Every structure is written in structure tokens, then in C-alpha cells.
Trainee: 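Quick one: this structure, given as C-alpha cells, is what I'll be asking you about.
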Amino acid sequence: MKLYPIESGNFKLDGGAMFGVVPKTIWNKTNPADANNLIDIAARCLLVEDGNRLILIDTGMGDKQSEKFFGYYSLWGSHSIDKSLAKYGFHRDDITDVFMTHLHFDHCGGSVQWNSDKTGYEPAFKNAKFWTNENHWEWAIKPNLREKASFLSENILPMQESGQLNFVDRPKTDFGFSSELGFDIYYVDGHTEKQMIPYIRYKDKTIVFCADLLATAGHIPLPYVMGYDTRPLLTMPEKAKLLNAAADQNYYLFLEHDAHNQIITVEHTEKGVRLKDVFTCEDIF
Ligand SMILES: [Zn+2]
């Protein structure tokens with residue numbers, strides 16, 4: 001197995017929204033805001049090369065929406081999925097599987113693109129199976145008002161219309177091995193219904209793709225929960241379970257949204273679990 005970070009493009013989000021009830025005087029130390037109160041956010045996807053499978057985990061925002069839409073997200077940097085894939089000798093048509101942790105636009109927007117004459121949409125990975133789970137799919141296609149702006153039908157429905165959509169076989173417990181994907185998945189409900197967190201056994205290490213369960217290194221303290229989360233009281237025990245195991249077993253936490261810390265480890269302290277070391281993907285992969 002080989003792993004590659006795939007940077008799909010950086011953006012910015014409101015720091016207050018990203019830290020919920022935590023005051024700016026505190027979060028601004030780890031995630032400094034610009035003059036508009038926006039903080040740096042990455043959309044760092046992960047490519048898993050396993051035998052003849054090439055599994056891409058999450059796909060960033062894509063480029064379908066209007067200038068006005070992207071204006072809200074202050075895109076920055078020069079990353080793209082195609083450039084990142086090319087760096088490692090891959091093309092998007094090589095991708096056999098696209099696994100989406102959840103269907104918020106910044107995690108699945110890159111899965112669907114305009115068709116050639118811009119009259120409709122088509123999957124952006126023509127040879128891939130697209131993976132979500134049935135509960136999350138049902139949740140996403142009939143969105144509640146609070147998440148409606150995050151679940152965009154044009155990002156979601158074309159995967160089904162093309163016949164490329166697949167549901168993972170979800171275990172009865174919140175953690176289990178997916179024989180379809182070849183890694184363990186932790187199912188969590190605090191951020192949104194049945195977000196999927198991959199745990200990848202790589203050499204002698206466990207790499208956890210933290211997605212929106214742990215957005216940045218600044219989100220390690222348990223009450224530092226994003227304002228976007230639909231069930232913040234659930235996020236805390238779900239995050240505690242991840243962080244305690246990560247400190248006990250030295251997991252490598254891959255941070256999709258942290259523009260400045262790619263992979264971290266954590267340790268137990270008197271104050272709870274806290275940051276231990278920061279690594280680049282090159283250090284670990
Ligand atoms: Zn999300």
C-alpha cells in the first residue's frame with residue numbers, strides 16, 4: 001500500500017463558525033484570523049494505492065459553483081486535484097474508487113463536474129465507484145434547513161444518475177472493517193448524520209483521516225466544536241474516543257482542513273489529550 005496527499009485547493013472560513021462557543025482570543029492563537037475574521041483552511045484529500053485499487057478519500061469543493069459562491073470562501077493557493085495527482089504520476093481517470101466521508105460541498109464537490117457543453121453535470125471520475133452510506137445519503141438528499149447550504153444537489157445526484165453510486169455495508173456498531181474499501185471506518189453523528197472516518201493500517205502505523213471530526217490541530221480540546229456541527233454534545237464523546245485511542249496507540253492523525261499541520265500525534269496530559277508532534281505527509285508516507 002502507498003499513500004499520497006492530494007491537495008484539492010485551499011479556502012477560508014469564518015473563525016468563529018469554526019470554533020463554536022470558544023472565544024476568538026483563544027482560537028486566534030492557534031488559527032490566526034485575517035481582517036475579515038477568516039482562517040486558513042485546506043481541502044487535503046488522501047489517495048490510497050492498494051494493489052490495483054486507487055481510492056481517493058474526499059474530493060474538495062470542485063469548480064462548478066458561481067463566482068459569487070466561491071467569493072464567500074476566499075480561495076487561495078494554486079493546488080488542484082489534477083496537479084496533485086500528476087505529481088505522483090496519476091490521472092483522474094485512473095481512480096477506481098472515490099470514498100466520501102460525507103456529502104458537504106467541501107468534501108464531495110470535486111466528485112462531479114460540468115459536462116462538456118455545460119448543459120448538465122457528470123461524475124468527474126469516469127471509471128470510479130463512488131462510496132457513501134445509505135443513512136447519510138438519505139440525510140443529504142433531503143437536507144434539513146441548517147445543512148441545506150452544505151448539501152448541494154448538483155454535487156450529489158449525478159453520482160446516482162450515472163449508476164456509479166455505492167453504499168458501504170455499515171456494521172451495527174460505530175466502528176468496523178469495510179471489506180469493500182479495505183480499511184476500518186468510524187461512524188460518527190455529531191457533525192452530520194453518519195460521517196465516515198477511515199482508519200488506515202499502513203506499514204506499522206494507523207493513519208486516521210479525521211475529516212470534520214477533527215478539522216485542525218486547534219480543535220483538539222474537547223469543547224472546541226465547530227459551530228457547523230448539528231449535534232455538538234455528541235461530537236465531544238466521539239472526538240474523545242478518537243483522541244484517547246490516538247494518544248494510547250500513537251495514531252497519526254491526517255488533518256484534511258488544517259492548512260498548516262498535515263499530520264499530528266497527540267498525548268495524554270493533565271489537561272486532557274493535547275498536541276504532541278506535527279509531521280508532513282512526506283515524513284510519514
Ligand atoms: Zn462537513
Side-chain angles (χ1 to χ4, degrees), residues 6-22 27 31 38-46 56-62 64-65 69-70 72-75 81 98-112 130-157 159 168 174 185-198 208-220 224-236 238-239 242 253-259:
I6 301 296
E7 299 277 0
S8 71
N10 296 329
F11 58 108
K12 294 192 179 206
L13 285 173
D14 185 273
M18 280 299 281
F19 281 91
V21 298
V22 181
W27 61 251
N31 299 65
L38 302 174
I39 63 172
D40 291 349
I41 298 289
R44 184 176 303 110
C45 312
L46 180 63
L56 181 61
I57 300 177
D58 280 355
T59 57
M61 280 202 215
K64 295 187 297 304
Q65 274 74 35
F69 178 93
F70 288 121
Y72 293 128
Y73 299 101
S74 307
L75 310 189
I81 288 188
V98 173
F99 177 89
M100 294 159 294
T101 58
H102 61 302
L103 298 170
H104 286 164
F105 71 87
D106 54 323
H107 296 257
C108 75
S111 298
V112 173
F130 291 85
W131 295 93
T132 180
N133 68 73
E134 194 168 5
N135 297 64
H136 185 69
W137 176 265
E138 292 299 327
W139 184 263
I141 60 172
K142 295 188 280 290
N144 59 71
L145 263 182
R146 189 173 158 131
E147 289 180 272
K148 212 178 164 96
S150 296
F151 287 129
L152 310 179
S153 60
E154 67 268 31
N155 283 342
I156 299 174
L157 299 180
M159 295 184 248
V168 298
D174 65 5
I185 300 172
Y186 179 28
Y187 296 84
V188 287
D189 296 312
H191 178 62
T192 183
E193 177 78 9
K194 297 286 173 284
Q195 178 182 199
M196 298 190 285
I197 307 297
V208 182
F209 186 90
C210 295
D212 283 352
L213 179 57
L214 185 72
T216 75
H219 288 84
I220 292 172
Y224 291 31
V225 173
M226 296 193 288
Y228 302 108
D229 284 21
T230 57
R231 305 174 183 114
L233 296 182
L234 255 188
T235 297
M236 289 189 284
E238 289 173 345
K239 200 165 71 167
L242 166 66
L253 304 177
F254 181 99
L255 301 177
E256 181 174 20
H257 281 317
D258 195 319

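Ligands are counted one by one from 1 in listed order, and the atoms in each one are counted from 1 as well. These numbers were taken from a predicted model, which means no experiment stands behind them.
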Trainee: By atom name, which N, O or S atom belonging to Asp212 lies closest to the Zn ion (ligand 1)?
Mentor: OD2

Trainee: Which angle, to 10 degrees, forms at the Zn ion (ligand 1) with NE2 of His191 on one side and ND1 of His104 on the other?
Mentor: 90°

Trainee: Salt-bridged, Arg231 to Glu193, with N to O below 4.0 Å?
Mentor: yes

Trainee: Mind checking the CG-CG spacing from Leu242 to Leu253? Nearest 0.5 Å is all I need.
Mentor: 5.5 Å

Trainee: Using a cut-off of strictly less than 2.8 Å, determine whether Asp106 has an N/O/S atom near the Zn ion (ligand 1).
Mentor: no

Trainee: Salt-bridged, Arg44 to Glu256, with N to O below 4.0 Å?
Mentor: no

Trainee: Sort out for me which residue in Lys239, Met226, Glu147 forms a side chain to side chain contact (heavy atoms under 4.5 Å, CB included) with His191.
Mentor: Met226

Trainee: Closer than 2.8 Å to the Zn ion (ligand 1): does that hold for any N, O or S atom in His102?
Mentor: yes

